[in-house]
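What follows is a set of notes on a single structure, which appears directly below.
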Amino acid sequence: MNPAAAYVEGKLFDGFTSYATGKIDVDEFFQREKKYILYLLAVSGGSWLFNFAEMTLWIAFGELQAKSARDRLFHGLLEKDIAWYDLRKNGIGALLPRIQAQIRELQLATSQPLGGTFSLLSTSILSLIQALYISWNLTLVSLAILWAGRNMQRNYDLQQKKLTEAQKYTSSAFTAIETVKCFNGQEIEHDKYITKVAEAARFYYRVASANALQLSMFVLLSISMFVQAFYYGGVLIRDHKLSVADVLTAFLSAIGAFQALNGMIPTLLFLEKGKIAGSTLRTIMAGMRRGSDVQGGQRLLAPASCFGNIDVKNVSFAYPSLPQQLALDDVTLYIPGGEMTFLIGKSGSGKSTLGQLLLRFYHSQTGFISLDGIDLERLDLNWLRTNITLVEQSSMLFNDTVFHNIAFGKSDHSKVSKREVMEAVEFALLQLMITDMPNGLETVVGYKGGSMSGGQRQRMALARARLRDTPVLLLDESTSALDQISRGLMMDAIRQWRHGKTTIVITHDISQIQADDYAYILEHGKLVQEGYRKHMEKIRDSPFQGFLPPELRVTASPYDARKGTAFESIRTRGSSVDSTNYRFSRMMDDPLEAHLDASENKRASMMFNMFKDRRPMPGVGAGAFTAPWMRLAASPPSPENAEASTRPASGWWESRPLKSVPEDLPSGRRMSRMLEGLLDRTGKSAAESRMSSTGQRRQRKELQPIVIEEEQEYSNMTSTQGDGPDEEAQAVDHKSYKQLLATLWPSIDLRTRAYLILGIYSTTIHALGAPICAFVLSLLLRTYAIPGGDKQKALLYSMIMLGLAFIDAAHTYLGHVCLEYVGQCWVDSIRSKAMTRILDQPRAFFDKEENAVSRLTGNLDRNAEELRNLVGRFSGLVWTATVMVSVAVIWAMVAQWKMTLLALIAAPYVFTVTKIYAAVSEKWESYSNSAAEDAASIFTEAFTNIKTVRALTLEQHFIDKYTKATNFALSVGFRRSFFAGFFYGLSDSAGNFTITMVFYVGARLVKSGTPVQAVVQVFTMLIFTITNLGLILVAIPQIGSTKDTGSRLMRLAELPTDSHEHLGDTRITTVGDIVFEDLSFAYPSRPDQIVLHDINLHIQPGASTAIVGGSGSGKSTTANLLLNLYGVDDGFDDTYHRNGDLILGGRGIKHINTASLRSLVTVVSQTPTLFSATVAENIAYGLPLDSPYNTQSAIRAAAAQAGIHEFIVSLPHGYDTQVGDGGLGLSGGQAQRFSVARALVRRPVVLVLDEATSALDVESANLVRQTIETHVRDSAGSMTVIIITHHRDMMAIADHIVVLDQGRIVEEGAFEELLAKNGALSNLLSGGAWSDSRPQVKTQPRRRGGVPFRKEIEWQKRGRNRSVRR
């Protein structure tokens, strides 16, 4: 519409010129002007409609591009194998936010900027054609863009690389915030982040310089073209080759071209960044299409059933991150279907790797694994993972409700009923926890289950596995975080549940292995021993002996140990232990023994009842072990013969036949009765085998019955994430531009302030250029009205404009560079402040949904980048427009005040529609940002938990969830495009309507006698001004986005500093007595659930104290309070009267400086944390550089004490090896020993061990325990040790034992003293058993909290009452 408007305006100007030269009279002039004014009014109306359509369609196009990119990336990432994730340099957690930022850049570039560029470029071209302008000038402009763009892209890529590294540090710091705080690592994390941000800023300065060069070239070339055109126009008029009307049309067209080119200037960097983002995303997508885990080409098998025979043949495997080190080395073993088999080994022995290979997370380099005789590579991947369940030590939960986290176990989880979930809850002993939760099953567990203890998370995962109930179950240290009672009860329940199903238990805790259980032992990736426990524990100096306590290890010869035992041979399953260098494999081959072994090397034997009375096989001697030459692999039974070929591991399953079940019962009821009878005998047998030394059977307190009021299908229940108002948006105090910019001056240093002043000065000169050019142009136009023209004046005015072009170009470059520099410094200052404030927040801050890790990292990264535009681009634009409008209006008032005042009547209308447009754009931009963040959070949750997602076959769930979120974001985007487009069209056309009114007023004034020259000068001024204001209107949506994202970032930079961590100002050098005085505590996120009740505890300095109790009893809470992670008053409001306190060395903890406290108190937590750094940096984490403990010798000594030194020196770069995100992956036990070394190197006054050995094998745990004992002994009372544990051995080294139950101290004293009392500690260490007491016997009242116990009711009776209770 602009060329049409220029044509009509040219005709209007021609009327003024014709009247001034006397060619037409005043009446003819006015009639002619009215006709073209009506035409211009129609053009203005069309401009509204077309601008409305343009803005709406382009914003919608940007939304579609973003959705397309999100969807393709989401599906592409789902198809990538786990090795691809392992090989990400900075870890997947740092990559995902960068991908989201690239999508955002692409969306921004392909909406208003791209649409505006097309519109302005077409306007410029049409205007130049209309003005008969030659196209080589435009070619020069294009060449300038390309030349600067290449340099810009190179530096932009480098900037993004540094920002990715910065984001890696923020993500790891926020995820491991407890470790950061406990080791005073806030300053370290802040410095690492700011260092990378500063490096990224240096590259951005080069990007800004290249962009500023583009802008200045545009200004110079555009004005130069403009000068040439109008000087040449004067020549044509003098030569009578063109009329004044034609030249004026060319004049206005040139103005349109000039303004269109200037309008493209602010969009160039957006387009460049969008181009780079699109190229990056395209490269990522192309890479995803290669090496994906999608099965294609061959026909894959999905058998009708799965029995669970697993055969591992000559498998070798190395993780992609460490290809030179084999995790498994030529391993061969066989796991028969329908049985429970154990894989044991030290940390890093490769036992967990087998589970990873079985689920096809990785592919073995050599050998193969088969399931029921079929190679895993030939099985349909979804079928495979539907029939295998993996429960890992670090059980991953999703940011959803308890109900959904358990229901995810079912493939059709949307139809899981509440009854099914509650049955799984009861199995996993979770009733007490759920009863205490504020919303029961509908309680959201938080990011990765962060609001729950480690034991609770593990039991949640076991409940999910119980509901899933697959033919094959892998338990990888799945009960390591549970107390003895819960662990024993869970293992009993698992044995009962998994009878007749394949179960693989990966552990280093041999207390779970019964005498008749079969186990494989791995060392350094090799299989070194296998057999039944009852046989292996009798072989002296065998690998299994290393897992036994010293007092239980045998000292007799293994050949002597055979005598009097039930079996003669190590009946292996044809495993690779036969070919190893194990000491008993050096003997000669015996064909006879091999033949015998071929028929008995499986527990899955066809001889069902031969060993019911535990007698040896007929014809076989009484020796327990014969030489391994008698081993021979046998083929696994086929699935169709599986039932006939299996024999349970324990004889008592067959020794007590099941009671008959009426045939007329429904099949489900018959099965239930059979299970009840089975469980009845199971409980009796377990109870008999767990008699105490006095012969007294341990009783279990009963649980509160589970009541299900109604059977309810949750088919329509889905996560609420993405629906309703965004929590972060509600938490954000949306700031005005004034409030945002008010932080600029205080945030920058003196040098940056000088750059700011220089930038404002340069921008002011640039702004003055437009009205001065307009004035010179008005003088040039006067020469057209002179008969014959004035050649000298025309040349003079043209040269003046050319000089103005150079001045304007130079100040454009200077102003842009200065403001971009200031904007970057400002944003980096805010980033630094926000990072400091975030790390300074109390632990409870990170439990809130609006403070999720993905949101915090996104604010520091993407939102900070957008906020920089407020100063770097938009503030300069607004200042330019303000100066330009002010000067133009003043100048116009001087030239012709009447016309100017009449023209300004339209100002309120223009201001109102512009304000409405800005408000609407800002509002919908905020909605759109929130919807996009919800989609991004799902994106992050899915791929940071990718192994859990795949193991549970939740890909379709997350596809549906993500599709719902992205569709919602798209619908919000479409609505945003409509409203923004409508008001943009209205506000943009306001300028055209104003110009129309100006022409009408001017015509009326000329008719009334006003000089034409004054009117034309005002025309030029106002048209220049209105056109430049139109450029600001185009940028309003982007400015609105900056305001919203800036407010989100400012929320973090203005977080309060009144944390309880800052209450104390007393620096201490020792801790002294630790006294819990009538202390009660509740977590802020669950104020109604009191975790500690009136605790009174005195810990003497230099003593070792063990705090023990069941899962959820409050043990770890005491450590959190001691380290001041939570304030002792947290969770209580003013209405709760309490006087409790935590006193250290006679001072209340509220009066002690937190940093000094944490320098003296060190914790080894249950979940180890590794940062993205070298081994040495991880061990010395938090220590000042000048600390005497931050030396290589001290670090190596601590590593040796933690039993990790030998492993470290075996790494490629020793102590300089990179670990953590983007580095070497470690096993859970290895990572835990790093944590122990990190604690020991600090030489703490108080050492808190919070389940520090739960992830360690027996040898490593013994080593750590011996280290602690040595420290306690050598410190001569100078180090206080607090041991939070479930393990008996760790309790035994403590001087004092404190037993917690339901947050209350129920027993305390010396270890042997408490055992002799046969009270709470004895009960805790009993390991749990199923009681066979009569139903009416009740030794304990019902309760809602504490250690979970099974009901004191016979199983058959319990089964009959189940329906009544529910």
Side-chain angles (χ1 to χ4, degrees), residues 1-49 127 130-131 233 236-237 240-256 774 777-778 780-789 892 895-907 909-910 989-1027:
M1 299 300 293
N2 286 347
Y7 174 78
V8 176
E9 289 169 6
K11 292 296 184 181
L12 288 167
F13 270 115
D14 184 51
F16 284 99
T17 305
S18 298
Y19 175 72
T21 56
K23 294 181 180 179
I24 57 176
D25 60 23
V26 66
D27 293 328
E28 183 181 354
F29 158 75
F30 191 69
Q31 291 299 321
R32 179 180 175 179
E33 293 300 291
K34 282 200 303 184
K35 179 181 70 172
Y36 284 110
I37 286 170
L38 291 175
Y39 290 161
L40 189 58
L41 185 64
V43 170
S44 300
S47 174
W48 178 13
L49 295 177
S127 297
Q130 185 170 323
L236 293 177
I237 290 176
H240 303 287
K241 293 182 179 180
L242 286 177
S243 66
V244 174
D246 292 334
V247 174
L248 287 173
T249 300
F251 164 68
L252 294 174
S253 298
I255 290 178
L777 281 174
S778 68
L780 185 60
L781 281 175
R782 290 183 185 182
T783 64
Y784 293 170
I786 300 174
Q896 178 48 248
W897 64 271
K898 289 183 180 180
M899 182 178 175
T900 305
L901 288 177
L902 290 172
L904 289 177
I905 294 175
Y909 165 72
V910 175
S989 62
N992 291 327
F993 285 122
T994 303
I995 291 174
T996 303
M997 189 189 72
V998 167
F999 272 109
Y1000 178 76
V1001 171
R1004 296 287 298 184
L1005 289 174
V1006 169
K1007 184 180 179 182
S1008 63
T1010 302
V1012 173
Q1013 290 83 356
V1015 171
V1016 170
Q1017 185 175 339
V1018 174
F1019 278 156
T1020 309
M1021 292 287 184
L1022 294 180
I1023 290 173
F1024 254 84
T1025 301
I1026 292 170
T1027 307

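This chain uses plain numbering: 1 for the first residue, then up along the sequence.
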Who are the side chain to side chain contact (heavy atoms under 4.5 Å, CB included) partners of Ile24, not counting sequence neighbours? Ser18, Tyr19, Glu28, Phe29
Output all residues satisfying side chain to side chain contact (heavy atoms under 4.5 Å, CB included) with Lys34, sequence neighbours left out; order by chain, then residue number. Phe30, Gln31
Could you check whether any side-chain heavy atom of Tyr39 comes within less than 4.5 Å of a side-chain heavy atom of Val43, counting everything from C-beta outward? no
Which pair of heavy atoms, one from Glu33 and one from Ala1003, lies closest together, and at what distance? CB-CB, 4.1 Å
So, using ring-ring contact (aromatic ring centres under 6.0 Å, His included) as the criterion, who are the partners of Phe993 when residues are at least two apart? none
Sorted by chain and number, sequence neighbours left out, ring-ring contact (aromatic ring centres under 6.0 Å, His included) with Tyr1000 holds for none
Backbone N or O of Leu40 within a donor-acceptor pair of the Ser44 side chain at under 3.5 Å? yes
Measuring from atom CD1 of Ile995 to atom CG of Leu12, what distance do you get when rounded to the nearest 0.5 angstrom? 11.0 Å
